[in-house]
Every structure is written in C-alpha cells, then in structure tokens.
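The model shown is predicted, which means the values in this text are computed figures rather than measured ones. Every chain is numbered from 1, with letters handed out A, B, ... down the list of sequences.
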Protein chains: 2
Amino acid sequence: MAKSQAGTENLGVDYVVVFKIGDTEKTKAAQLFEELVQRLSKSGLATEVRNGNNHTLLIFVKLSSEEHLLAEVYRSRVRDWIHGVRASEPPQDTRAALEQDPLTQAERLRTIHGLITHPQSEHGAGITPGKGRWTNVESIFALHDHAYNKEWIKKWSTQYLLKPEDLDDIRDRFGEKIAYYFAFTQSYFTFLTVPAAIGSFTWLVLGHFSIWYAVAASLWTVVFVEWWHHQERDLATRWAVRGVSNIDNKRPEFEHKHEATDPVTGETMYIFPTRERVMRQLLQLPFAIAAVIALGSLITLCFGIEIFINEVYSGPGKSYLTYLPTVILCTAMPFLSGLLTQAATKLTDYENYETEAQYERSLTSKTFVLNFITSYLPLCLTAFVYVPFGSVIVPYLDIFALAFKPGSKDIKAENDPTLFEINPQRLRKQVIYFTVTAQIVNFGMEVVVPYLKREGLIKFKEMQLKRTGTINAVTADDPVEETDFLARVRNEADLDTYDVYDDLREMVVQFGYLALFSVVWPLTPVSFFINNWIELRSDAVKICVDMRRPTPWRAESIGPWLNALAFLSWLGSITMAALTYMFSNDGLGPDGKPSDIKGWALLLSVFFSEHLYLGARWLVSTAISKIDSPGKQKARREMYETRKKYFAESLRDTDKLASASGMGEGESEGREEITRTSLEEEARAASLKSRTPEAKFWSRQRGWQDAAEVGRRLIEKDVVEEKAAKEKKEL
Amino acid sequence: MAKSQAGTENLGVDYVVVFKIGDTEKTKAAQLFEELVQRLSKSGLATEVRNGNNHTLLIFVKLSSEEHLLAEVYRSRVRDWIHGVRASEPPQDTRAALEQDPLTQAERLRTIHGLITHPQSEHGAGITPGKGRWTNVESIFALHDHAYNKEWIKKWSTQYLLKPEDLDDIRDRFGEKIAYYFAFTQSYFTFLTVPAAIGSFTWLVLGHFSIWYAVAASLWTVVFVEWWHHQERDLATRWAVRGVSNIDNKRPEFEHKHEATDPVTGETMYIFPTRERVMRQLLQLPFAIAAVIALGSLITLCFGIEIFINEVYSGPGKSYLTYLPTVILCTAMPFLSGLLTQAATKLTDYENYETEAQYERSLTSKTFVLNFITSYLPLCLTAFVYVPFGSVIVPYLDIFALAFKPGSKDIKAENDPTLFEINPQRLRKQVIYFTVTAQIVNFGMEVVVPYLKREGLIKFKEMQLKRTGTINAVTADDPVEETDFLARVRNEADLDTYDVYDDLREMVVQFGYLALFSVVWPLTPVSFFINNWIELRSDAVKICVDMRRPTPWRAESIGPWLNALAFLSWLGSITMAALTYMFSNDGLGPDGKPSDIKGWALLLSVFFSEHLYLGARWLVSTAISKIDSPGKQKARREMYETRKKYFAESLRDTDKLASASGMGEGESEGREEITRTSLEEEARAASLKSRTPEAKFWSRQRGWQDAAEVGRRLIEKDVVEEKAAKEKKEL
C-alpha cells in the first residue's frame with residue numbers, strides 16, 4: 001500500500017504544526033508552546049519538536065493510538081449519516097468496518113486535522129492557526145508523499161486523458177475539494193474538443209463573427225454547464241459526499257452579539273442579528289460601485305490613451321509612448337486589484353458569517369465581481385463603446401493632447417473627426433491577446449517564476465552559508481540520520497498554501513472569454529484546449545512541488561463557481577448576439593458603417609437570442625436529468641438496500657399480525673353447505689336482535705359469500721326488469 | 001369526536017363501490033361481482049350489497065377489523081420513513097402510537113382506499129375502477145359527513161379569513177391535495193389586498209397604463225409567487241408530507257415493452273424504452289401547433305368579424321350581426337376546447353407514463369397550453385396586433401364584405417384606410433369582460449347551474465314516479481329503516497367526481513390576467529378580490545354538495561401549477577412593460593398615433609423590465625429563504641431530536657473507548673519528578689535500541705512534557721541567537 005511507503009519516507013509524521021516565535025516574549029512563548037503540546041497530547045496525538053527556519057519550531061504530530069482515530073472516524077460517520085451523507089447507520093464495530101472499507105489517506109488526514117483544530121468540546125485540541133489565542137501557530141500542514149507525487153506526475157505527463165480512476169486517486173490523496181477542480185478541468189478540457197473543431201472550421205471557412213459559430217458556441221456553453229451540473233452530482237454520489245455542505249463548519253472568528261436559547265431544541269444559540277448583517281451586506285453595493293469606478297476608470301484611462309496614441313497622435317516619441325498604457329496597466333492594476341481584494345476580504349470578515357460555507361460564498365462572489373471587471377471590461381469597451389460610438393468619442397480625446405504638446409500641429413491635423421476611422425482589427429487583436437498571450441503569461445507567472453524563485457532562494461542560502469562560513473544555527477542540533485528529512489520539511493514549511501479556488505477562478509474566467517467573446521476570434525477554444533492540457537499537468541506539479549500539501553477538505557460541488565458559469569453562459573447569449581449583429585459585416589455594421597447599426601434590430605437579436613438560450617437551457621437540463629448514470633445507480637442501490645433491510649425488519653411482525661386475523665380463503669370452506677334461505681333467515685334474525693341501525697345494516701349479509709349471492713340475485717332481477725320495462729313499452 | 005357522529009349517520013360505511021351491470025352478460029356480471037366481493041373480503045373488508053340507480057349495485061365497505069388497519073398504517077408509515085417523509089422510524093407498537101397521534105379521517109380513508117385499490121402483491125384487493133378487468137366497477141367513493149359539512153359551510157360563510165386551523169381541518173378531512181388548493185386560494189386572496197389597494201389608488205389618481213402600477217403589480221407577482229413557494233414548503237412540513245412526491249404511485253395503465261432485471265437492485269423492472277417515449281412526447285409539438293392554429297384561427301376569425309362589423313361595416317342588420325362573433329365563439333369554442341382536451345388526454349395516455357405524478361404533470365402542461373391560448377390570445381391580439389397594426393390590417397378585412405353584400409356601396413365607403421381609426425377603448429373593454437363578466441358567468445356555470453340541474457332532476461324523477469304510478473324497482477327491496485340512508489347514498493353516487501386541479505387552473509388563469517394585463521384596467525385585482533372571497537366559499541359548497549366526497553390524496557405542493565405561476569409572472573414583466581410603453585398616451589402611442597411606436601424603445605423597455613424582474617425575483621427569493629417559519633422550526637426540532645437520539649445511542653460506546661485508551665491529564669502526574677536529563681538519557685537509550693529511523697525519530701521526546709521542555713529550550717536559544725546576530729551586525 002502506498003500509505004506505508006509514505007509512512008517510511010515521512011517517518012510516520014501525520015501533520016506538522018509550525019509554531020512561530022517571532023517577537024513574542026520568550027516566557028510567554030514557552031508557556032503557549034507548553035499549552036499547545038499539552039492540548040495535542042490530550043487529543044491523542046504524539047509530538048516531536050525540532051527547530052524550523054525563520055525562528056519557528058516544527059511540531060511533528062502523529063496519532064498516539066489507532067483507537068482514537070477509530071472513535072473519531074466513527075463519530076464523523078454518525079454525523080454524516082444523520083445529515084444524510086451516508087445512506088445507512090455506520091456499524092458499531094468501526095474496526096471491522098474499516099477492514100471492509102479502509103480509510104483513504106484523505107479521510108485519515110482530515111480526521112487528524114479535525115483532532116488538532118476542532119474545539120475541545122468536540123474532542124479536538126482547538127488549535128486555530130493564526131486566529132484567536134493561537135496567532136503564534138503559523139500553520140498546520142501534512143507532509144508530501146514524494147514517491148507518490150513523482151509517480152503521479154510521471155503518469156499524467158505521458159497520458160492524454162485522465163480516467164475516472166485518476167480522479168478517484170486524487171480524491172483519496174487530496175480530498176474531494178481538489179478532486180472536483182481536476183474533474184471540472186478535465187470535463188471542460190474534454191468538452192473543448194467540440195468548440196475547438198467548430199472554431200477551426202469556422203475560422204477556415206466561415207470567417208469571423210459567424211452566426212453559426214455563435215449559435216453553436218452558445219449551445220455548447222449550455223450543454224457544458226448543464227452536463228457539469230449533472231456530473232458534479234454524480235461525482236458526489238460516487239465519492240459519497242452528497243449533502244456534506246449541510247454539515248456546517250462553524251467559523252471560529254464568528255462573533256455573536258447575544259446568546260439565546262433555541263425555542264425549538266433548547267440548545268444555546270449564538271446570535272448575530274440578521275438585520276445587522278443585512279446592513280453590513282448592503283456595504284457590498286458601495287464596494288461594487290467603488291470597484292467598478294476604480295478599475296473601470298483605470299482601464300478606460302489606459303484605453304483612451306492607447307487609442308489616442310495609436311490612432312490620433314502622430315507626434316514625436318510615438319514608438320515609446322505606445323507602451324505607456326501597458327506600463328500604467330501593469331503597475332497600477334495589480335496594486336489596485338490587491339487593494340480591492342484586501343477590501344473584499346475585510347468586508348467579508350466584517351459581515352461576520354457563522355459558517356465557513358457562507359463566508360466562502362460571500363468572498364467568492366466579491367472576487368468574481370472584481371475578476372469580471374478586470375477580465376471583460378476592456379473587451380466590452382472596445383466592442384460596445386469604441387466601435388459604435390468611436391467616431392463620436394475619439395475627437396474628445398484631444399484632452400490628452402494637452403498633456404503631451406499643447407497646441408502642437410501634428411496632433412491637430414489628426415484630430416479632425418472626419419479623418420478618424422474605426423480600427424476594425426482592434427477587437428480581434430484584443431481577444432487574441434486575452435486568450436493567447438495572457439494565458440501564456442499567466443502560465444509563466446504561475447509555474448516558471450515560482451520555480452526560478454525557489455531555485456534561486458536555495459542557491460542564495462547556500463552561498464550565504466558558504467560566505468559567512470558559520471554553521472547553520474537551525475540545523476546544528478539535527479541528528480545526523482534526520483538531516484535530509486528535516487531539510488525537506490523545512491523547505492515544505494516555507495512553501496505557500498494552495499487555494500484551489502484560485503485555479504477554479506482562472507478556469508471560470510477562461511470559460512467567460514469563450515462564452516462572451518469567442519465569436520470575435522473562433523480559434524479561441526483551440527487556444528484554450530492546448531492551454532488546458534498543460535494547465536492540468538502544471539497544476540498537478542504546482543500542488544506537489546510549489547505548495548504545501550493541502551488539507552484534504554470535502555466538498556460536494558465546485559461551490560459558488562457553478563453559478564458563475566451559468567451566469568457567464570447566460571450573459572454570453574446576449575453579448576454573442578450583439579457582437580454577431582454589430583460586426584456581421586466584419587466589424588463595420590450592416591452597411592459597412594458602425595453608425596448604421598439599428599437599435600431595434602440589435603435589441604431584437606439580443607431578445608431572441610436570450611430567450612432561445614433560456615429555452616435551450618430548459619430543454620438540455622430536462623434531457624440531461626433523465627440520463628441514468630453510475631452515480632444515480634449507486635444512489636438507487638443504496639436506497640434499495642436500506643429499504644429492503646428496513647422493510648424486512650419492520651414487516652415481519654406486521655405479516656404475523658395479518659395472518660393471525662385470518663380472513664379470506666379459510667373462511668369459505670366450512671360454510672358451503674348453508675343454503676340461501678337459511679342464510680337469509682339467520683341474517684334477519686340477527687338484525688332483529690341487534691339494537692343500533694348500524695349493527696342491523698351490517699348484519700344483513702354475512703361474509704363475502706352472502707354478498708355475492710345477494711348480488712347475483714340483484715343482477716338477475718335487474719336484467720328481468722329491463723326486459724319487463726321494454727315489454728310494457730311495446731304493449 | 002366527529003368521526004363517531006359520522007359513523008352513526010353513515011352506518012359505519014367507509015367506502016361505497018359502485019358496480020355497473022350495464023350490458024354485461026348476467027352470468028359474467030355475477031361472476032365478476034363474486035370475485036369483487038371475495039377480493040374485498042380477503043383484504044380485510046366487510047361488505048353489504050344494495051341496489052343502486054341506473055342498473056348498478058352499491059357495495060358498502062367497511063373494515064372488518066381494526067387490526068388490519070393498524071398493519072396497513074404501520075406499513076405505510078415505514079414506507080414514509082424510508083422515503084424521508086417521516087423523520088424517525090415509526091414505533092413497532094402501532095396501536096400505542098395511534099393513541100398518541102390518532103389517525104385523521106383523511107389518513108383512515110386513504111388507507112382503506114389503498115386496501116381496495118392497491119395491487120394484491122401490496123396487500124390490496126387490486127380493484128381499479130374503470131380499468132383493466134374492472135371496467136364494471138364504476139367508481140369508489142367515501143360518503144359525505146353531512147353534519148360536519150353543514151357546520152363547515154356555516155362557519156366559513158360567517159368568517160372573513162380562514163385560519164391555519166381551518167386549513168388543518170380541511171387537510172384532516174379531505175387530504176393535503178385539496179387542503180393545498182384552499183391554502184393557495186386563501187394566500188392569494190390575502191395577498192390580493194395589496195394590488196387591490198394600489199389598483200384603486202391608480203384608478204382614482206394615476207389613470208390607466210400607469211408605469212407605477214405596472215412596476216408595483218409586477219413586483220407583487222414576484223413576491224406572491226416566491227412567498228407561496230415558501231409557504232408551500234412550510235405547509236408540507238406542518239402536514240408532514242415533505243417528500244411524498246418521491247413515493248411513486250405506479251399507474252395500472254402503464255404498459256411495458258419488455259421486462260428486465262435491474263442491474264443494481266435485482267428487482268424486475270418493467271421497461272418502456274425512453275427513446276420511444278421521447279418520440280411520443282415529440283407529438284406534443286404538432287399538438288401544440290394544431291391547438292394554436294385551431295383555437296387561434298377561431299379567435300382571430302371572430303375577432304376579425306367583430307372588428308369588421310363594429311368598425312367597418314355599416315350595412316343592413318348591423319345590430320343583429322354584432323352578436324355573430326359571440327355566437328360563433330360560444331358554440332364553437334367549448335366544442336373545440338373539449339375536442340383538444342380529449343386529444344390531450346389521449347396523447348398523455350399514449351405517452352405511457354409509469355407513475356401518476358408524471359402523467360399528471362404532462363397532462364397539466366398540455367391543459368395549461370390550451371388554457372393559455374383561449375384565455376390570453378384575444379387580449380394579445382388586441383394589444384399587440386390590432387392597436388399597432390390595425391390601420392394596416394383592417395382594410396384587408398373587406399374579404400368579409402364579400403360574404404355579406406358583394407360590391408355594396410356602404411361597405412366600400414367605409415373601407416378607405418384613411419377613414420379607419422383605432423378604437424382605443426377596445427382593449428380596456430375586453431379586459432373588463434375577462435376579469436369581471438367572465439368571472440361572474442363562470443361562477444354561474446359552476447354553482448348555480450349544477451344546483452338548478454340537481455333540483456330539477458329530483459323534481460323530474462318524483463313527477464315521473466307519480467305519473468307512472470308504479471313502485472320504484474330500485475328502492476322496492478330497501479328495509480324501511482334504511483330508506484333515507486340509501487336514498488342519500490344513491491344521490492351521492494350520481495354526483496360528479498371532484499378534480500381539484502380544475503379549480504386550481506381557474507385560479508392560475510385568473511392570476512395570469514393580473515400578471516399580464518392588469519395595467520390596462522387597474523381595478524382588475526379589486527374584482528378578483530371580491531370574486532375569490534365568494535369562490536373560496538362556493539368551492540367548499542361545491543365539494544360538499546355538488547360532488548362526491550373526494551378521496552383524500554396526499555400532496556406536498558400545488559404541483560406543476562407553481563411553474564405555471566412563475567412563468568406567467570415572468571411573462572407579465574414583458575407584457576406589462578410593452579403595454580405601458582405602447583399605451584402610455586392612453587392607447588395611442590407616444591405621439592398620439594400607434595404608428596409612432598418606436599421599435600427600439602419598445603424592445604428596450606421590455607429588455608429592462610425583464611432583467612429588472614429577474615433581479616428582483618432573485619432578491620426576493622433570497623430574502624424569503626432566510627425567513628424563519630413554523631415549518632422550518634418544526635423540521636429543525638425533528639432533526640435535532642433524531643440527531644440527539646442517535647448521537648446518544650451511538651456515542652456511548654465510543655466515549656467508553658476513548659476513556660479506556662487513557663490519554664492526557666492522567667498521564668502527567670506520575671512522571672512529574674523525572675528530571676530533564678534523565679528524560680533525555682532515556683530517550684537516547686531508547687532510540688539506540690530501536691531499529692527503524694521512524695521509531696528513533698518518535699522516541700526522542702516522550703510525552704508532551706518532554707516536547708514542551710525541548711520547545712522551551714529551543715525558544716530560549718532562538719532569542720539568544722537573534723540577539724547574537726544583531727550584535728554581529730552592529731559590530
């Protein structure tokens with residue numbers, strides 16, 4: 001088993017807790033440290049302490065007894081069962097159950113992580129890194145399984161497609177949350193073959209702004225989003241995580257205003273008034289407006305300068321000035337984005353959510369707004385402002401002229417509005433930039449730069465050590481046989497924490513370009529297809545090499561990003577229609593001039609496209625919901641087995657009961673010889689004896705044989721009367 | 001208890017099965033009848049047979065033993081529990097459980113209905129009225145509880161609002177499906193106060209086509225639909241029917257193509273290929289087109305004739321001819337609607353659904369399409385064809401002139417297009433017709449006509465009997481003390497079956513007028529408000545007097561009608577915007593002429609309105625989902641109690657386990673006197689002895705005290721080095 005191998009390599013260490021001494025007063029630090037190890041020990045964890053880099057201590061943690069793990073696993077399985085994640089009650093004998101259905105590495109690590117971080121009331125040590133009284137605890141991380149990682153990367157880089165088993169493998173190692181990212185990217189990658197093929201054909205045969213491509217691409221986004229939605233649920237069943245989002249992870253940072261007793265359950269509730277939270281949430285509006293204004297004006301400014309320089313200005317230094325907007329954008333944008341992201345985090349903190357899921361959802365939606373602006377606004381400006389209104393707006397750009405050479409002749413000459421012409425290539429160039437250049441740059445920033453940085457840092461440290469000639473104080477006390485191991489752990493402790501939502505966001509933004517603008521340049525999906533093949537592999541490398549081993553969280557979906565995908569796909573139905581109509585004559589409107597764009601025709605195409613989109617979405621989602629899938633089959637099997645078990649148990653007694661009351665067949669034999677007249681006599685006699693009308697009514701016919709007999713007579717009589725009536729009439 | 005009273009009055013009869021002799025050969029009929037009573041008896045039911053009207057036999061059915069009921073109730077509760085309708089396992093001792101939580105009349109009746117109709121494999125008698133081999137069984141119905149009904153109607157007619165207890169009462173008597181109808185209508189009625197008030201104000205102050213009214217009404221539809229959605233779920237929890245739609249009621253009419261063994265559960269599946277069903281479902285498209293063409297052309301024809309006669313024609317007989325379109329519509333429309341409804345039913349039968357729910361959903365959607373056309377098409381024609389294009393189209397209406405007097409002078413004179421003028425009052429008059437006149441007519445058709453018919457029929461029968469002078473053959477054999485009772489039952493057997501979806505459809509169509517067209521005449525909601533007060537009461541009367549007692553079905557919502565409401569509300573955001581824009585100058589477009597309507601402005605207002613609507617809907621549904629409600633509290637309480645129970649049970653052993661492994665506190669005492677040096681020695685010694693590097697690693701520090709000690713030393717050392725480094729730098 002891979003686990004034992006990892007165990008040998010990592011000396012059986014389950015987690016490493018990094019304790020930062022920093023500026024904390026030393027006695028206080030020692031006291032805190034003591035409490036930390038004591039708490040860990042109380043939760044059933046063995047500890048070993050070693051020196052770390054940068055004034056930290058590394059606390060190596062492993063389970064002191066497997067019994068403890070079993071208890072914790074059982075507890076978590078009971079919780080799952082009650083929340084409907086597991087179909088049936090977990091067997092009391094966890095050890096036997098685990099032999100049947102062994103713990104995955106992810107489940108084991110998550111359980112131990114729980115032992116470290118859960119509050120003491122829930123059998124944990126209550127260590128919350130960087131929060132509350134544990135600000136000195138920098139982080140908690142598991143160690144990489146290098147042998148496995150190497151094998152993993154090797155396997156992937158020689159393999160064209162990821163199989164479901166590969167995804168299961170990731171899930172077993174890194175947890176469902178990360179596995180969902182890979183599953184999504186893999187699904188997206190596979191689906192990209194279709195628009196890539198259509199796009200290539202369009203590019204070769206139909207040209208840009210083809211209505212056929214627009215329709216096909218829109219339909220593809222619908223199918224993809226709906227399919228993924230289906231796939232996501234299916235994976236949730238496959239990985240047995242359906243409903244885990246209902247198990248609330250309380251945020252330790254949550255601050256309650258007052259306590260109250262739940263009138264229903266009698267539990268103590270920690271309440272933060274909804275009204276107050278809504279008031280705080282309303283701050284999202286000014287935040288969004290501020291973000292739009294800040295980022296929007298920066299983008300518009302650069303856009304204006306760029307157009308001015310490229311298309312209006314022809315004075316001195318033009319070749320240098322061309323780079324001015326890029327420089328402004330490259331320096332100001334990351335700064336502004338960072339500032340706004342910080343503000344978004346602060347705002348989300350301030351909104352004071354009770355659970356991690358709510359917090360994450362709120363933060364994601366803010367991040368999405370920021371990304372939406374920075375990613376799509378430049379293209380929107382070109383498509384929907386520059387092209388239709390360019391000839392009206394551009395002449396006003398001479399305000400920039402003042403900044404350069406006031407009153408200069410060569411500017412004025414160009415400023416004549418009649419001389420200005422829209423550059424129809426502009427939009428396409430921009431799309432190509434965002435879908436090819438930016439992706440390559442991004443890849444560089446994500447993979448190549450960290451690699452160089454890491455290598456450089458190691459070299460630098462070595463050189464520094466050599467130069468100073470002193471012994472490294474950190475490693476001085478290391479036992480010889482542990483040197484390699486500790487060096488590796490110290491390196492891992494220096495790495496960044498992996499956030500899978502960053503990678504997901506990147507994919508969603510990419511999907512957005514495809515959904516919103518790909519009609520401008522139909523090769524877009526081809527570029528993404530190539531990019532994502534590499535992306536899938538480079539992300540695997542990133543997780544293994546550039547990042548600390550992530551905690552294997554569970555998830556039952558890609559979370560709020562699914563909504564973002566659906567939103568982008570919807571918006572695409574509007575932009576694609578608008579672009580196709582406006583640029584149908586290669587960027588110059590129906591009659592060769594953008595000014596000939598008809599308002600009503602534009603709106604009508606948008607209106608039609610949007611409603612066609614909504615209709616198609618409804619159809620596709622209905623069709624997909626009817627497809628049987630392994631996940632559905634699994635759910636059905638579980639349901640059936642539970643049902644069978646309970647029915648068998650519950651109905652045993654009931655059946656006994658029914659047979660005891662003995663009706664039907666058995667009765668019919670003993671009574672056969674009784675004649676009709678005797679029966680009626682008997683009935684009449686009984687009815688006379690009984691007192692209530694009800695008893696009289698029910699005693700006229702005894703048993704079904706009587707009823708059948710009476711019925712037969714009535715039937716006979718009925719037909720006779722019918723005849724009699726006819727005869728009467730005939731007479 | 002009401003039950004015992006009903007029991008006395010109805011002689012303890014639970015159900016009446018109507019067996020129709022008809023033209024069936026008498027021995028065959030007798031044989032079938034015998035099988036029928038035998039089967040009923042086998043299912044634990046006692047029977048009594050009496051003569052019925054029109055060559056039928058009435059089989060009175062009651063439970064032969066309460067034991068049997070208990071077993072059946074228990075079985076159904078286990079099924080509920082497994083499907084998640086009940087939160088916890090039903091106790092094995094049903095009798096005790098029933099004393100705590102007694103059966104409602106509805107549950108009792110539904111259970112007995114199940115005993116009669118369920119297939120024999122599920123402990124029922126397998127009687128399916130009118131279907132399969134039981135075509136002779138006309139119907140199965142329970143008897144009205146007249147004492148209760150009288151009280152109910154009296155209470156309601158003196159009461160302004162229905163309280164939740166009144167709805168609970170209906171639910172206990174008539175089942176959740178009917179209770180949902182009353183709950184919905186009550187909710188809708190209460191909500192109508194808001195648009196009624198706004199509408200009155202608008203009518204008095206702002207006039208027609210007020211944009212403010214349009215916005216308010218649209219917003220109101222959103223709030224109402226979302227609120228009802230919430231209310232519906234809340235009621236489902238209150239009535240403990242949450243999830244009942246998952247319990248499939250198999251349709252006995254379902255015909256399978258082949259049998260197969262489910263690869264998952266091993267059960268035999270009866271399969272009808274999906275592909276074939278989809279092919280059959282595709283017939284819905286030609287059906288819808290045919291319906292649109294048939295109904296549409298009828299409506300358009302009448303519409304054209306009407307306009308021609310009223311506004312173009314001025315020849316002889318105009319005063320009579322005015323009624324021509326009404327006559328055509330009143331004769332052809334019910335015929336055509338009936339034909340199409342029949343076709344819809346046939347088509348749905350042909351689609352061969354496996355469960356009742358699927359069948360009902362499919363039929364409802366078809367009915368909705370038919371109703372949509374007949375109800376809203378006339379208004380749409382006026383608003384979106386007649387007004388904007390009237391002056392273009394009307395001149396072509398002279399084709400009708402050929403039908404009247406070819407070449408007549410007085411027609412030609414009027415035919416000059418320049419003389420034709422749009423009648424702006426037309427739309428308003430039509431809306432008033434549909435929202436006031438049609439509602440009154442409908443009330444008459446629904447309540448007054450059946451009443452007169454019933455009274456007339458009784459009178460007619462009496463007169464006939466008197467005239468012929470013979471004794472009634474049907475009642476001839478009746479025991480004297482049963483005469484009244486049997487007369488009453490025979491009357492009830494002659495009544496119609498109540499279909500709650502007919503009433504719901506009426507309400508949804510009414511809601512549609514409000515959502516789509518009320519801006520034309522803002523008093524619309526006032527009219528509906530008055531109508532619905534009466535409607536609620538008259539429907540109660542209808543159920544009690546005009547109809548057989550309905551079988552108390554369960555339901556967890558108003559079913560597919562919620563989607564219809566949401567759809568109408570959405571469509572309303574489009575039509576209201578269009579109407580408001582087009583008629584903002586009292587029906588004559590912005591500049592006083594309909595021809596001045598700007599396409600782009602119309603589309604822009606529609607586009608804005610629709611997206612505002614979607615945004616508002618999202619906001620409202622988010623806000624409403626956060627409201628705590630009695631239903632949610634109940635669900636939480638049940639969840640909590642289940643959780644508490646299971647946790648207590650499950651964790652007992654686990655806690656024992658954890659305490660047995662004995663970690664933490666207990667350990668710290670015995671070891672306190674051990675000095676640091678001795679500890680380290682011990683550790684080192686141990687590490688030397690052990691073989692693997694892992695064992696060595698973990699044996700260096702024993703227990704948390706060691707780790708704390710080592711940590712303290714490292715912390716001390718760290719600070720010293722920090723200082724040393726600083727000193728070095730300073731030197």
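Looking at B:I574, the atoms closer than 4.5 Å to chain A (heavy atoms on both sides) all sit in the side chain, from C-beta outward. Both the backbone and the side chain of B:L604 come within less than 4.5 Å of a heavy atom in chain A. Only the side chain of A:L614 comes within less than 4.5 Å of a heavy atom in chain B; its backbone stays farther off. With a 4.5 angstrom heavy-atom cutoff, A:F60 touches chain B via backbone and side-chain atoms both. Heavy atoms closer than 4.5 Å to chain B are found in the side chain of A:V606, but not in its backbone. Neither the backbone nor the side chain of B:Q31 comes within contact range of chain A; no heavy atoms are under 4.5 Å apart. Of the atoms belonging to A:E35, not a single heavy atom falls under 4.5 Å from chain B. Looking at B:R50, both its backbone and its side chain come within 4.5 Å of chain A, counting heavy atoms on both sides.
To the nearest 0.5 angstrom, B:H55 atom NE2 is 13.0 Å from A:L714 atom CG. In this structure, A:L57 CG and B:R713 CZ are separated by 11.5 Å, a value rounded to the nearest 0.5 Å. The structure places CH2 of A:W600 at 9.0 Å from CG of B:L603, a figure rounded to the nearest 0.5 Å.
Scanning all heavy atoms of the two residues, the minimum distance from B:V37 to A:A708 falls at CG2-CB, 3.7 Å.
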